[in-house]
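Below is one structure; the comments refer to it alone.
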Amino acid sequence: MPDSAPQAAPQAAPDQQQDLLQQRLLRQIQQQIRAADGALSFDQFMELALYAPGLGYYVAGLPKLGPAGDFVTAPEISPLFGQCLAEQCREVLAVLGGGDLLEFGAGSGALAAAILSFLERHQALPGQYFIVEPSPDLQARQRERLQAQVPESWQRVRWLSAWPSDFSGVVLANEVLDAMPVQRFCIDPQGAPLEVFVSEDGTGESLVEQTGPVRSTGLREAVLALQAQGLVLTPGYCSEINLRLPPWVQALAAAMERGLVLIIDYGYPRSEYYHPQRHTGTLIGHYRHQAEANIFAHLGQQDISAHVDFSALADAALAAGFSLAGYTTQANFLIGCGFDQLMMEALADSQNTQQSLSISAGARQLLLPNAMGERFQVMGLSRGLDDHPWRGFGVRDLRARLGVPGASDA
């Protein structure tokens, strides 16, 4: 008796599919290691682990944000975060007499939705809301969310694959720089810098770090510059340097005519970043809402990030022609943007006790020092504007902590 219909090939279960992706990514990294004479620079490894087409963490289509993902960001914790940023955007657009918004790495789209909703209510919408997002699946999620939550204003959103030109308005980068590939280094027994590479472990099934003479252009000079400031001197000290940061800032400056850049991320001024007690660096993985010290575990399935050296960011910005408009903690910035008033309005509009408790819990997570309030920092970079006292930096400006010439408290 003939078959009634052809049978479809069995599909791999989700865990099996992830294992297959992990193995494919491992093989690709191994090929690059062998092409580099057995030692791949750490930033090249990190770029592959996060962004290898179809396989890297941010582009493979796996859940990243929210309960089903590996971490949550401030916009998912509370819409108050986006509303505060919208207040700062509204002030900038008013000073400019109009303009656009541009968000790097828009995640789930929660921040864009909160900002557009707030600005729409206050009749202060930007001309366009640009999003630069390397992840195709996140682009799809952003589009779906914005269509559902801001149906009147989402048509202003444009996804870009390249920098805009002659941009005027506000640039937002929330938890973007921590995902930039970094170089790793250690200090040898004589106090000289070594580069940290990624190699195979000998079994062909895993990866390991190894140190050797510095190969990467600019890394030795960058470490020696830190040592000239009395930092990273102890033998065995290891940390990271983001050598891709200055070119990124230069490209941003070239694309921008007038406006304000707001960078929100976890990090430290240089003296704290390279503190003697932080002798293993800041690199960390995140997998299913747990910190993962082994960055080779769950390859392609976990986030890998390093804290931001905000002094290095300020140096790069000043060299690129930006003015340093402000630097403070996330808690100070949100309070300066009217967090207390916005929270009171949200509580007044809440429908029940459970909703009020949720609003309060989100506020604590955003503001408390042992949560995100002080761990996250906010830096403002301005271009083509006078030294305007932006409200987000009005509570407490901490520019003097950066230790950067030309950066001081207002």
Does the pair Leu40 and Ser199 meet the rule for a side-chain contact (heavy atoms from CB on, under 4.5 Å), with working shown?
CA-CA 6 Å; Leu40 187 67; Ser199 301; over 6 Å; no
Run the side-chain contact (heavy atoms from CB on, under 4.5 Å) check on Val249 and Leu313 step by step: do they pass?
CA-CA 8 Å; Val249 175; Leu313 175 58; 3.9 Å; yes
Verdict with supporting geometry, Arg156 and Asp100, salt bridge (charged side-chain N to carboxylate O under 4.0 Å, His left out):
CA-CA 10 Å; Arg156 297 172 185 259; Asp100 301 317; over 6 Å; no
Criterion ring pair (Phe, Tyr, Trp, His ring centres under 6.0 Å) on Phe333 and Tyr327, from CA distance to verdict:
CA-CA 9 Å; Phe333 182 84; Tyr327 172 65; over 10 Å; no
Kindly indicate, with the supporting measurements, whether the criterion disulfide bond (SG atoms under 2.5 Å apart) is fulfilled by Cys337 and Cys84.
CA-CA 5 Å; Cys337 289; Cys84 286; 5.8 Å; no
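Atom CZ of Arg24 has 12 or fewer neighbouring heavy atoms from other residues, nucleotides or ligands inside a 6.0 Å radius. For Arg278, the CZ atom sits in a packed shell: over 12 heavy atoms of surrounding residues, nucleotides or ligands are nearer than 6.0 Å. Dense packing is recorded around CD of Gln210, with more than 12 heavy atoms of other residues, nucleotides or ligands lying under 6.0 Å away.
A salt bridge links Arg34 to Glu200: one of the charged nitrogens lies within less than 4.0 Å of a carboxylate oxygen. A salt bridge links Arg244 to Glu47: at least one charged side-chain nitrogen sits closer than 4.0 Å to a carboxylate oxygen. Ion pairing of Glu87 with Arg391 is present here, as a side-chain N (NZ or NE/NH1/NH2) and a carboxylate O approach within less than 4.0 Å.
Using a 30° and 60° split on the angle between ring planes, Tyr51 and Tyr58 fall in the parallel class, below 30°. The aromatic rings of His307 and Tyr268 lie parallel to each other, with less than 30° between the two planes, well short of the 60° mark.
Ser305 and Asp303 form no side-chain donor-acceptor contact under 3.5 Å, judged by distance and modelled atom types alone. A donor-acceptor contact under 3.5 angstrom links the side chains of Tyr129 and Glu103, judged on distance only. No hydrogens or angles considered: nothing links the side chains of Ser239 and Tyr273 as a donor-acceptor pair under 3.5 Å. There is a side-chain donor-acceptor pair under 3.5 Å between Ser117 and Arg121. The closest side-chain donor-acceptor pair between Glu195 and Ser41, if any, does not fall under 3.5 angstrom. Residues Gln23 and Arg27 bring a donor and an acceptor atom of their side chains to less than 3.5 Å of each other.
Using a 4.5 Å cut-off on side-chain heavy atoms (C-beta onward), Phe42 and Ile241 make no contact. Residues Thr280 and Tyr237 are not in side-chain contact: their nearest non-hydrogen atoms beyond the backbone lie 4.5 Å or more apart. By the 4.5 Å heavy-atom criterion applied to side chains, Ile284 and Ile304 are not counted as neighbours. Residues Val198 and Ile33 meet the side-chain proximity criterion, which asks for heavy atoms closer than 4.5 Å. Between Val214 and Val223, the closest side-chain pair of non-hydrogen atoms is not below 4.5 Å. Using a 4.5 Å heavy-atom threshold, the side chains of Phe81 and Pro75 count as touching. When side chains are defined from C-beta on, Met343 counts as touching Ser360, because their heavy atoms get closer than 4.5 Å.
Judged by distance alone, the side chain of Ser356 and the main-chain N or O of Asn352 form a donor-acceptor pair under 3.5 Å. Side-chain N or O atoms of His275 include none that pairs as donor or acceptor with a backbone N or O of Ser271 at under 3.5 Å. A donor-acceptor pair is defined here as one N or O able to donate and one able to accept, closer than 3.5 Å; no such pair exists between the side chain of Thr329 and the backbone of Glu374. Judged by distance alone, the side chain of Glu76 and the main-chain N or O of Thr73 form a donor-acceptor pair under 3.5 Å. Within the 3.5 Å criterion, the main-chain N or O of Arg396 finds a donor-acceptor partner in the side chain of Thr328. No donor-acceptor distance shorter than 3.5 angstrom exists from the side chain of Gln142 to the backbone of Ser108, with no hydrogens or angles considered. Between the side chain of Gln139 and the backbone N or O of Glu133, at least one donor-acceptor pair lies under 3.5 Å.
In this structure, CZ in Arg220 is found 15.5 Å from CZ in Arg215, a value given to the nearest 0.5 Å. Met256 CE to Asp166 CG: the interatomic distance, rounded to the nearest 0.5 Å, is 12.0 Å. Here the straight-line distance linking atom CD of Gln301 with atom OH of Tyr287 works out to 5.5 Å at 0.5 Å rounding. Distance CZ/Arg184 to CD/Glu240: 5.0 Å, rounded to 0.5 Å. Expressed to the nearest 0.5 Å, how far CD1 of Ile359 lies from CG of Leu80 amounts to 7.0 Å. Ile263 contributes atom CD1, which lies 10.5 Å from atom CG of Leu172 (distance to the nearest 0.5 angstrom).
You'll find the ring centres of Trp248 and Phe104 inside the 6.0 Å limit.
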